[in-house]
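So the structure is just underneath, and the comments pick up after that.
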Amino acid sequence: MSSPKSLKLEHTFQGHTARAWHVTPHPTLPLLSSCSSDLTTRVWNTTTGRCIATLRGQHKRSVRCSAFRPPRTRSGDERVVLATASFDGTIGIWEYENNLEDSQDGEWDCIATLEGHENEVKSVVWSADSTFLATCSRDKSVWIWESEDDDEFECLSVLQEHSQDVKCVAFSPRESLLASASYDHTIILYRDSPSDDDWTPVATLKGHEGTVWGVVFALDGRVLASSSDDCSVRLWQKKEKDESKIIRTDEDWEEVAQLPQVHTRSIYSVAFSPSGRIATAGGDGIIAVYKKKEGDAESWEVEYVQTEAHGVQEVNCVTWQVQGNKEVLWTAGDDGEVRGWTMP
């Protein structure tokens, strides 16, 4: 096997005055959101490289995570809406009041504030159809909110299955399935119950030997990836049950692979690309990109390794965005920068 290649640094976005915690792209537009310990969220136009907005004044502590709402194409609601999660225990819902073709940057208004968590909110994510919003917190809980057309939000479920701080939540892109990752070393899966609009736990995935920091579904929804304090990345898949069992109250998921070890410290973030690659980033300042081995669908190999991706600082988040015919890898670091990488 050939040695891993280095990534190419294409973009450096500067503006945050403290640690950049998280970065996320818009599903269809050339927009990127980053959030920071400086109490702000910045929105970037990835075509021009300009920061088109700095959202401030809503949160009183670090902004830990943000998520763009997928467009509601069926109902014709194409508004740009962003959710922000903060250590102050609240979630802000922001709406963009302009279009990208306009020469002016436009206005962002906070149209809703969601309250209920008793402690720091660590993650926020929308379902693929934008019907649901999930949040998780240091208070050990996962909340599921229903997002209605009139910008009202109703809490449908408060899930308290974890015994420790919940670090991350992720929806399946294909079905009403949610995963949560925790300081208690486990991942818990939940499904929407059509009979009563409630969400119930259906599986607990055990195997990691440390905090599970990141969790993400592949784009086809069939595989779940997790990253941990134990320096491992694990892939999980559901075992198919006998179809004669009409009532499904639990599911059997199994670990199907561990990626080759690259990281020497906690892996904070893991992300699937549209082409099926997996990227990771962590406390050792390394970005790793993995691909499936040719001719062996069950095995993975290291394709790219970028050391000191943010200098000597930790890399807190990694995510993918398609730009034309390229996949761009975005990272956020303790140096406050957002960086964009391509694969030469």
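Sequence positions, counted from 1, serve as the residue numbers for this chain.
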Closer than 3.5 angstrom, by distance alone: can the side chain of [X] be matched with the main-chain N or O of [Y] as a donor-acceptor pair?
X: Thr24; Y: Ala67; value: no
X: Trp320; Y: Ala271; value: yes
X: Tyr183; Y: Lys140; value: no
X: Ser269; Y: Val318; value: yes
X: Ser36; Y: Arg19; value: yes
X: Arg174; Y: Leu219; value: yes
X: Glu95; Y: Ile111; value: no
X: Thr211; Y: Trp213; value: no
X: Ser86; Y: Arg61; value: yes
X: Ser227; Y: Ile267; value: yes

Taking side chain as C-beta onward, heavy atoms only, is [X] less than 4.5 Å from [Y]?
X: Val289; Y: Met343; value: yes
X: Glu301; Y: Pro4; value: no
X: Val80; Y: Trp108; value: yes
X: Val81; Y: Asp151; value: no
X: Lys167; Y: Val212; value: no
X: Ser182; Y: Ile188; value: no
X: Arg64; Y: Glu120; value: no
X: Leu31; Y: Ile52; value: yes

[atom2] on [Y] to [atom1] on [X], rounded to 0.5 Å:
X: His22; Y: Thr319; atom1: NE2; atom2: OG1; result: 7.0 Å
X: His185; Y: Glu209; atom1: NE2; atom2: CD; result: 9.0 Å
X: Leu159; Y: Ile144; atom1: CG; atom2: CD1; result: 5.5 Å
X: Asn316; Y: Ser266; atom1: CG; atom2: OG; result: 11.0 Å
X: Phe272; Y: Leu224; atom1: CZ; atom2: CG; result: 8.0 Å
X: Leu235; Y: Leu259; atom1: CG; atom2: CG; result: 5.0 Å

- Query: How far apart are the C-alpha atoms of Leu7 and Leu9, what are their side-chain angles, what is the distance that settles it, and do they pass the side chain to side chain contact (heavy atoms under 4.5 Å, CB included) test?
  - Reply: CA-CA 6 Å; Leu7 297 168; Leu9 180 62; over 6 Å; no

- Query: Using 4.0 Å as the upper bound for N to carboxylate O, is an ion pair formed by Asp88 and Lys60?
  - Reply: no

- Query: Does the distance from a Lys or Arg side-chain N to an Asp or Glu carboxylate O, for Asp230 and Arg234, drop under 4.0 Å?
  - Reply: yes

- Query: For Ser141 and His117, what are the C-alpha separation, side-chain angles and deciding distance, and is it a side chain to side chain contact (heavy atoms under 4.5 Å, CB included)?
  - Reply: CA-CA 8 Å; Ser141 72; His117 282 292; 3.3 Å; yes

Report whether [X] and [Y] are members of the same hydrophobic cluster (ILVMFWY, side-chain heavy atoms less than 4.5 Å apart, transitive linking).
X: Ile278; Y: Val216; value: yes
X: Trp300; Y: Val302; value: yes
X: Val158; Y: Val169; value: no
X: Val305; Y: Trp341; value: no
X: Phe217; Y: Phe171; value: no

With no hydrogens and no angle check, do the side chains of [X] and [Y] hold a donor and an acceptor under 3.5 Å apart?
X: Thr54; Y: Arg56; result: no
X: Ser157; Y: Asp198; result: yes
X: Gln58; Y: Thr84; result: no

Distance-minimising heavy-atom pair for [X] and [Y]:
X: Gly283; Y: Glu314; result: O-CG, 3.4 Å
X: Val270; Y: Thr280; result: CG2-CG2, 4.0 Å
X: Arg138; Y: Asn119; result: CD-OD1, 3.8 Å
X: Ser180; Y: Val166; result: CB-CG1, 4.0 Å
X: Cys231; Y: Arg265; result: SG-O, 3.5 Å
X: Ser226; Y: His208; result: OG-NE2, 2.7 Å

- Just do the side chain to side chain contact (heavy atoms under 4.5 Å, CB included) check on Val121 and Trp143 with the steps written out, would you? CA-CA 10 Å; Val121 183; Trp143 289 48; over 6 Å; no

- Quick one: do Asp109 and Glu97 satisfy side chain to side chain contact (heavy atoms under 4.5 Å, CB included)? Show the steps, please. CA-CA 8 Å; Asp109 292 330; Glu97 298 286 347; 3.4 Å; yes

- Task: Could you label the plane-to-plane angle of the Trp44 and Phe13 rings as parallel, tilted or perpendicular, counting under 30° as parallel and over 60° as perpendicular?
- Result: parallel

- Query: Pick from Gln14, His310, His16: which one makes a side-chain hydrogen bond (donor to acceptor under 3.5 Å, both in side chains) with Asp335?
  - Reply: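 It is His310, the one option of Gln14, His310, His16 that forms the side-chain hydrogen bond (donor to acceptor under 3.5 Å, both in side chains) with Asp335.
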
- With Phe132 as reference, evaluate Trp126, Trp199, Trp145 under the ring pair (Phe, Tyr, Trp, His ring centres under 6.0 Å) test and give the passing residue.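 That would be Trp199; it is the only one of Trp126, Trp199, Trp145 passing the ring pair (Phe, Tyr, Trp, His ring centres under 6.0 Å) with Phe132.
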
- Is the count of non-hydrogen atoms from other residues, nucleotides or ligands lying under 6.0 Å from Glu118 atom CD greater than 12?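 Result for CD/Glu118: open.
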
- Arg222 atom CZ, over 12 foreign heavy atoms within 6.0 Å: no

